A.B. asks: 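Right, I'll just put the structure down here and ask away after.
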Amino acid sequence: MKTDQLIAILAGDTVLPRRVVPRIFGFTAAGLVLPAAMALAILGVRGDLMQAMAAPVTMMKWLLPLGVALPAFVAAARLTRPQTRRVPMLWIALVAGIAAVTWLLLSVITTPAPELWPGVIGSSRQACLTSIISISALPLALAIRVMRDGASPAPMHCGACIGLAVGGLSAAIYALHCTEDAPLFFLTWYGLGILIVTGIGAVAGHYLLRW
Amino acid sequence: MRDGKGAPKAQSDWSDMMRSALRGDAAAYKRLLTEMAPVLRGIVRARASGMDLDWCEDVVQDSLMAIHLKRGTWDPGQPLRPWVYAIVRHKIVDAFRRKGRAVHVPVDEFIDQFEAEPGTDPLENRDAETLIDRLPERDAALLRCLALEERGSEECGRRLGLAPGALRVALHRALKRLAVIRKEEGL
C-alpha cells in the first residue's frame, strides 16, 4: 500500500474519536460503584464511622489511600498522552506513600516485640486483601480498556498509576467497613492490597497499553 | 497551502486543520495528513541511520495510522505538532526495537527543516498486501477495494453489500485491526 493510498483510506474513516481522558475518569468511577455497593452491603459499614473519620489516627485510613489514589489517577490520565514526559503530580502520591512507610516503621519500632506480630497480623487481613482486590477488579478492567484508546509514552507506568489509583480508592471504600484501627494493621494490609493492585495494573499496562 | 512554497508553515495551521477534522471536516483532515506525510518522512529519514527507505516508509505509515487512531488523545487546546512529533518518535523507537536496536531519539531536535525533499515518491511497500491478507476476509476485501484498487466508498459498499453506515463502522474496525497486525508483524 502506498502512503497516499493509506492517507486516502484514513481520511475516509469518518468515525470520530472520543476524548480519552474524560472517559477514563467516567468509566473508573462508574466501575467502582457496583463493587463498592456490593462489598459494603455484604460487609456492612462500621457503626462509628463519623467518629472514626474525625479522629486523627483513623482519619488516615482514608486520607492516606486517597492521597495516593487521586494524584495517581490524574497521572494515569496524563500518561495516556504521547507527549507527556514528566508527571509532577506523582510527587504528591510519593509523599503520601513515604509518610505511610515512615509511620509503619515508627509503629514497628515503638511496638514491644511480643506484641508486634499479633499487631501486624490482626484478625481481618484476609477480608481486607480480598476486598481491596475484588473491589478493584471491575474499575481497573474498565479503565485499562478505555486506556487502550490512549497513546501512552510509558505503558507500564501508565498501568501502574491506574492500578495505584484504583487500589487506593478501593482501600478507602473498604475502610468504611473495617474497624481494625491499629496503624500497624491498616498500614501493612491496606498498603499491601494497594501494591498488589498496582502490580496488576503495571503488568496489564505492559501488555495491553502498547501501541 | 496558503503559505508560500518553502516558507515554514505557521504552527497553528495543523492545529486548526485537526480541529476542523475533529468536527467532521474530512477534506481538511485529508489535507492535513497529506501535508504531514512529507514532514514525517523527513523526520524518519533523518533518524533512520542506515535503515533503508522501505523501512522508513513503513515507520511513516505506522505513524500516520497512530495519528489517525489516537487523535482522541490530542487536547485541542494544545498545539498539534508536539503531539505529532511524540507519536513519530514513539514509532521510530518501536521500529528500531523490533529490529533489535535500542535507540535514543531526543524529541526536541524535531524541527520542520527535516521535511523531505519534494519529489521523492513514497515507496511501495512489498509486504502490504500480505498484511492485508491477514485481516478477516471482509476487512481485507474492504481495504483492498478502497486502497489498492482505489474505488470510491459507494462502489466498495455496493460490491461488499454494505450500507454506508455499516461501511463506515467496518472501515474503522478494519483500520484498528490493521494497526494491531502491523504491530504484531513487526514490519
Side-chain angles (χ1 to χ4, degrees), chain A residues 1-27 73-87 89 142-159 161-162 205-211, chain B residues 21-24 26-27 29-34 36-37 40-41 57 60-61 64-76 78 82-87 89-91 94 107 121-125 128-129 131-132 142-143 146-148 150 152-153 168-169 171-175 179 183:
Chain A
M1 195 183 341
K2 287 180 181 162
T3 302
D4 289 345
Q5 295 171 327
L6 178 67
I7 289 175
I9 50 171
L10 293 181
D13 175 12
T14 52
V15 176
L16 291 176
R18 288 167 296 176
R19 298 283 301 278
V20 173
V21 168
R23 279 194 300 143
I24 296 173
F25 294 120
F27 274 76
F73 208 1
V74 176
R78 292 212 50 202
L79 278 170
T80 60
R81 299 200 165 133
Q83 76 275 37
T84 300
R85 288 203 272 168
R86 281 186 210 89
V87 196
M89 189 62 85
L142 287 179
I144 295 272
R145 195 184 151 78
V146 171
M147 288 162 100
R148 278 171 66 81
D149 286 343
S152 180
M156 200 166 85
H157 289 169
C158 187
C161 282
I162 196 67
H206 179 68
Y207 288 106
L208 299 175
L209 299 182
R210 281 191 287 189
W211 53 286
Chain B
L22 290 173
R23 282 192 299 268
Y29 189 44
K30 185 164 186 185
R31 212 160 54 237
L32 172 64
L33 293 177
T34 309
M36 263 180 195
L40 303 188
R41 197 170 291 130
E57 204 57 26
V60 170
Q61 292 195 0
L64 284 168
M65 287 207 79
I67 286 164
H68 176 67
L69 292 173
K70 302 297 187 185
R71 64 203 195 283
T73 67
W74 175 59
D75 174 357
Q78 303 280 319
W83 178 87
V84 168
Y85 295 159
I87 293 216
R89 177 187 180 278
H90 182 89
K91 287 298 173 187
D94 198 45
V107 75
D121 268 294
L123 291 145
E124 189 139 7
N125 182 347
E129 296 225 26
L131 274 189
I132 288 182
L142 179 59
L143 289 189
L146 287 170
L148 301 177
E150 299 184 64
S153 65
R168 189 167 165 262
V169 175
L171 173 59
H172 184 65
R173 296 212 175 121
L175 287 173
K183 172 101 187 152

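Given the structure is predicted, the values throughout are model-derived calculations rather than measurements.
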A.B. asks: Kindly compute the distance separating CD1 (A:I7) from CE (B:M36), expressed to the nearest 0.5 Å.
C.D. replies: 9.5 Å
A.B. asks: Between B:H68, B:K91, B:K30, who has the most heavy-atom pairs with chain A when the cutoff is under 4.5 Å?
C.D. replies: B:H68
A.B. asks: Side chain, backbone, both or neither: which part of A:T80 has a non-hydrogen atom closer than 4.5 Å to chain B?
C.D. replies: backbone
A.B. asks: With only heavy atoms counted, which part of A:V21 is less than 4.5 Å from chain B, the side chain, the backbone, both or neither?
C.D. replies: neither
A.B. asks: Against chain A, label B:A21 side chain, backbone, both or neither, depending on which of its atoms sit under 4.5 Å from a heavy atom there.
C.D. replies: backbone
A.B. asks: Tell me, for B:H90 versus chain A, whether the close heavy atoms (under 4.5 Å) come from the side chain, the backbone, both or neither.
C.D. replies: side chain
A.B. asks: Which region of A:I9, side chain (C-beta onward) or backbone (N, CA, C, O), has a non-hydrogen atom less than 4.5 Å from a non-hydrogen atom of chain B, or is it both or neither?
C.D. replies: both
A.B. asks: Mind listing the closest non-hydrogen atom pair of B:H172 and A:D13 along with its distance?
C.D. replies: ND1-OD2, 2.8 Å
A.B. asks: If you take all heavy atoms of B:A26 and A:A11, which pair is closest and at what distance?
C.D. replies: CB-O, 4.2 Å
A.B. asks: Between B:L175 and chain A, which part of the residue has a heavy atom less than 4.5 Å away: side chain, backbone, both or neither?
C.D. replies: side chain
A.B. asks: Taking atom NZ of B:K183 and atom CH2 of A:W211, what is their separation to the nearest 0.5 Å?
C.D. replies: 8.5 Å
A.B. asks: Is chain B contacted by the side chain of A:R18, its backbone, both, or neither, given a heavy-atom distance below 4.5 Å?
C.D. replies: backbone
A.B. asks: Which region of B:M65, side chain (C-beta onward) or backbone (N, CA, C, O), has a non-hydrogen atom less than 4.5 Å from a non-hydrogen atom of chain A, or is it both or neither?
C.D. replies: both
A.B. asks: Less than 4.5 Å to any heavy atom of chain B: does that hold for the side chain of A:R78, its backbone, both, or neither?
C.D. replies: neither
A.B. asks: I need the residue from B:V84, B:V60, B:L22, B:L69 with the largest number of non-hydrogen atom pairs under 4.5 Å to chain A.
C.D. replies: B:L22
A.B. asks: Ignoring hydrogens and geometry beyond distance, is a side-chain donor-acceptor pair present between B:T73 and A:R81 at under 3.5 Å?
C.D. replies: no
A.B. asks: Count the heavy atoms belonging to other residues, nucleotides or ligands that lie under 6.0 Å from CZ of A:R19, then report whether that count exceeds 12.
C.D. replies: yes
